[in-house]
There are 2 protein chains.
Amino acid sequence: MPARKPERKSQVASDDALSIRIDLASGGRIGPGKIAVLEAIAETGSISGAGRALSMSYRRTWELVEDLNQSLGKPVVATSAGGSGGGGASLTAVGEALIACYRSIETESTLVARKHLAVLNGKARQKPDL
Amino acid sequence: MPARKPERKSQVASDDALSIRIDLASGGRIGPGKIAVLEAIAETGSISGAGRALSMSYRRTWELVEDLNQSLGKPVVATSAGGSGGGGASLTAVGEALIACYRSIETESTLVARKHLAVLNGKARQKPDL
């Protein structure tokens with residue numbers, strides 16, 4: 001017997017989410033991937049650790065950090081030449097502020113979205129000719 | 001003489017923008033591409049016209065519409081078997097409401113983003129050690 005395809009719910013719900021990407025007028029783009037890199041650096045204490053946590057190469061991880069440095073005009077990560085374990089990395093105040101900024105925008109925008117989606121949902125439920 | 005690379009501004013600005021994508025709990029995703037398809041259908045009066053306007057194949061255009069129909073649980077586009085010029089297409093009330101919903105979320109979320117980016121900008125301008 002073939003597996004039944006899960007039924008697809010059609011209505012908007014309170015766990016609908018919003019993905020956001022900030023498009024800076026300067027050309028920089030700040031989306032969930034780069035923010036995840038910063039959060040992983042804060043958690044692991046190094047760029048290589050963040051790369052491993054996100055299954056991303058060191059080079060790619062570093063490029064994303066460097067891109068954020070350029071976009072913000074200030075370093076978001078401070079690195080230190082390490083001892084036997086290699087260098088460490090930590091967020092600068094700007095890096096920490098960027099995460100807070102992004103997550104706040106995400107939270108508030110999601111509330112905005114749910115408000116409008118509830119209105120849309122009400123319209124989509126109406127019987128008359130669509 | 002080589003063209004000068006435009007200087008990259010590092011500060012957030014009032015024309016920073018926010019790209020949004022709605023991730024419905026049901027699994028559907030509604031981003032700028034699908035909304036552009038709906039708007040192009042409203043403008044051109046047909047799916048093929050919308051595809052041409054967006055440099056997209058008829059098949060791809062139709063797939064995006066069909067995906068929206070599934071996500072919303074109601075048709076977003078009504079088609080009519082046409083005469084010599086081929087069939088026409090127009091938005092349903094749900095399709096129109098979806099565009100309004102998306103654009104409202106986009107507008108309000110962008111204001112949210114600019115408010116938080118202004119705070120971040122203030123922090124990034126501070127002199128002390130970052």
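Note on naming: letters A, B, ... go to the chains in the order of the sequence lines (proteins, then strands), and numbering restarts at 1 for each one.
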Quiz item: What distance separates B:Ile30 CD1 from A:Ser19 OG, expressed to the nearest 0.5 Å?
Solution: 12.0 Å

Quiz item: Roughly how far, to the nearest 0.5 Å, is the SG atom of A:Cys101 from the NE2 atom of B:His116?
Solution: 7.0 Å

Self-check item: Side-chain heavy atoms of A:Ile22 within contact of B:Leu117, under 4.5 Å
Solution: yes

Quiz item: Are any non-hydrogen side-chain atoms of A:Leu98 and B:Leu120 less than 4.5 angstrom apart?
Solution: yes

Practice problem: State yes or no: do B:Val119 and A:Val94 share one hydrophobic cluster built from I, L, V, M, F, W and Y residues joined by side-chain heavy-atom distances below 4.5 Å, directly or via other members? | Solution: no

Self-check item: Most contacts with chain B, counted as non-hydrogen pairs under 4.5 angstrom, among A:Ala97, A:Ala113, A:Gly95
Solution: A:Ala113

Exercise. Quick one: do B:Arg21 and A:Arg21 satisfy side-chain contact (heavy atoms from CB on, under 4.5 Å)? Show the steps, please.
Key: CA-CA 9 Å; B:Arg21 190 187 67 210; A:Arg21 189 187 68 210; over 6 Å; no

Practice problem: Applying side chain to side chain contact (heavy atoms under 4.5 Å, CB included) between A:Ser109 and each of B:Leu18, B:Ile20, B:Thr110, B:Ile105, report the one that passes. | Solution: B:Leu18

Quiz item: Pairs in or reaching into residues 34-44 of chain B: which pass side chain to side chain donor-acceptor pair (under 3.5 Å), with residues at least two apart or in two chains?
Solution: B:Lys34-B:Asp67, B:Glu39-B:Arg103

Quiz item: Can you name the residues of residues 51-64 of chain B that have some heavy atom under 4.5 Å away from a heavy atom in chain A?
Solution: none

Quiz item: Under the 3.5 angstrom rule, does the side chain of A:Asp15 hit a backbone N or O of B:Ala25 as a donor-acceptor pair?
Solution: no

